[in-house]
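Only heavy atoms go into these numbers, but all of them, side chains included; no hydrogens, no water, no symmetry mates.
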Amino acid sequence: MTDLYDHLFPAYREQAGLSDDERIDWLRRDRWLSLPQSEAALGRLEDLLTYPPRGRMPCLLLFGSTGMGKSEILNRFAELHATRYDKGAGLRIMPVVKVQMPPQPTEDEFYTELMLAMNYSEFDHISLRSLRSLARRTLGEFGTKVLVLDEIDKMLAGSPRQQRIFLNTIRFLTNDLRIPIVCAGTEDARIAILTDPNLADRFAAFELSPWRNDHALRQLMASFAGLLPLRRPSLLDEPDVRQRVIALSEGVTGRIFRLMEAVAIAAIRSGREMIDADSFDDEQLLLPLVSMQVIASTKRALRRRAA
């Protein structure tokens, strides 16, 4: 049966033979898709992992608009360097510790999240000083090579004093542990770090830029054509398709993926089993609100022209 679906990559032909419900379920699941910017960002992270300890450790800021895939890249990096158990030493080894910034960017909340990321849960009624010491000691015992702080733009929810304390905490940890720190967030995160010149001097910046209608997008559309479990070849290399994708997603990676998921599910349910430019005109698509807004604005403009 899989020979019928030679328009798909060999690894994905089996999925095309599944039932409609099974294919829709498959489409809705998370999976890593190698993208040029994502792989470049992973390469920078890998470089930090092998950096020898020195007085001023290099750090990295991964920033971009919401939906550009920052958290997915960090999760992938953490998965590639997952926790393992060293039988000889009798210790857990956590090369990468990933922490999500707490809603309230206080020092004690941060260290609490850090300990939770290292699978500690019993540290109630402990002083901030003891919590700080416990976190530093545990990171050292676990052999942590890189500390990752996701969504650090949340620190802007704090007062100016809290923001300064948090930035001082980052500098303190990288100095004390002599490990690189990776921060991820939006453009606001870059601006926040720049408020501390001493800290900003240590951070290299890697920006995840929105997609454009260029060769890279053609490659992405070709990837979708080869992996979406549809039973007929899709026409994703057409200029109209690429223009619609960019217009509806504004080049944001997460929106592109949600858009392609929506049109693929619609193609399965309708029995069309393929995607072309007309697929994006379906009013029943469950799209991000920004995409729906683009469609509504386009229709209003067409009505004004017709009038």
Using only atom types and a distance under 3.5 Å, with no angle test, would you say the side chain of [X] pairs donor to acceptor with the backbone of [Y]?
X	Y	answer
Arg232	Arg272	yes
Ser133	Arg129	no
Thr186	Ser65	no
Thr195	Ile191	no
Thr83	Met94	no
Gln37	Ser209	yes
Thr174	Arg171	no
Ser249	Ile256	no
Lys70	Leu62	no

Which residues pass the side chain to side chain contact (heavy atoms under 4.5 Å, CB included) test with [X], sequence neighbours left out?
X	answer
Ala200	Ile193, Leu194
Ala78	Val96
Pro229	Gln15, Arg23, Trp26, Leu27

**OP:** Could you grab the distance from atom CD of Glu238 to atom CD1 of Ile275, nearest 0.5 Å is fine?
**Re:** 12.0 Å
Original post:
Just wondering, more than 12 heavy atoms not from Arg56 lying within 6.0 Å of its CZ?
Top reply: yes
Should [X] and [Y] be regarded as members of a common hydrophobic cluster, given that ILVMFWY residues are connected when their side-chain heavy atoms come within less than 4.5 Å of each other, either directly or indirectly?
X	Y	value
Ile24	Met260	yes
Leu80	Val99	no
Phe9	Leu230	yes
Met118	Ile170	yes
Leu48	Ile93	no

For [X] and [Y], work out which heavy atoms get closest and say how close.
X	Y	result
Asn175	Gly55	OD1-O, 4.2 Å
Leu147	Thr144	N-CG2, 4.5 Å
Asp240	Ala277	CB-CB, 3.9 Å
Arg212	Ile246	C-CD1, 4.0 Å
Arg13	Asp6	NH2-O, 3.6 Å
Ile152	Met101	CA-CG, 3.6 Å

**OP:** Quick one: name the residues clustered hydrophobically with Tyr51, using the 4.5 Å side-chain heavy-atom rule over I, L, V, M, F, W, Y, and just say none if it's on its own.
**Re:** Met57
Subject >> Shared-cluster residues of Leu235, by chain and number - hydrophobic side chains joined below 4.5 Å >> reply: Met274
Subject >> Tyr120 vs Thr112, side-chain contact (heavy atoms from CB on, under 4.5 Å): CA-CA, chis, key distance, verdict >> reply: CA-CA 9 Å; Tyr120 272 78; Thr112 296; over 6 Å; no
**OP:** Could you verify whether a donor N or O on one side chain and an acceptor N or O on the other, from Asp108 and Thr106, lie under 3.5 Å apart?
**Re:** yes
Please list all pairs passing the ring pair (Phe, Tyr, Trp, His ring centres under 6.0 Å) test where one or both residues lie in [range], with sequence neighbours left out.
range	answer
residues 58-84	Phe77-His81
residues 205-240	Phe224-Phe257
residues 268-289	none
residues 127-176	Phe110-Phe166

Within the structure provided, determine whether [X] and [Y] are in side-chain contact (heavy-atom separation under 4.5 Å).
X	Y	answer
Arg202	Pro180	no
Asp281	Arg244	yes
Ser38	Glu72	no

Subject >> Test log, rule salt bridge (charged side-chain N to carboxylate O under 4.0 Å, His left out), inputs Arg190 and Glu187 >> reply: CA-CA 5 Å; Arg190 186 184 70 85; Glu187 170 68 14; 2.5 Å; yes
**OP:** Could you note down all residue pairs passing side-chain hydrogen bond (donor to acceptor under 3.5 Å, both in side chains) where residues 149-162 supplies at least one of them, sequence neighbours left out?
**Re:** Ser71-Asp150, Glu151-Lys154
Original post:
Where do Leu114 and Leu139 land on the side-chain contact (heavy atoms from CB on, under 4.5 Å) test, with the steps shown first?
Top reply: CA-CA 9 Å; Leu114 176 54; Leu139 286 166; 4.0 Å; yes
Original post:
Ion pair present between Arg218 and Asp237, side-chain N to carboxylate O less than 4.0 angstrom?
Top reply: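 Salt bridge: yes.
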**OP:** Apply side-chain hydrogen bond (donor to acceptor under 3.5 Å, both in side chains) to Asp25 and list each qualifying residue two or more places apart in sequence or on a separate chain.
**Re:** Arg29
**OP:** Test Ser234 against Leu228 for side-chain contact (heavy atoms from CB on, under 4.5 Å), laying out the working first.
**Re:** CA-CA 9 Å; Ser234 293; Leu228 294 175; 5.8 Å; no
**OP:** Begin with the C-alpha distance, continue with both residues' side-chain angles, and end with the deciding distance and a verdict on side-chain contact (heavy atoms from CB on, under 4.5 Å) for Leu45 and Leu49.
**Re:** CA-CA 6 Å; Leu45 294 172; Leu49 192 70; over 6 Å; no
Subject >> Residues that Glu107 engages under salt bridge (charged side-chain N to carboxylate O under 4.0 Å, His left out), provided they are two or more places apart >> reply: Arg132
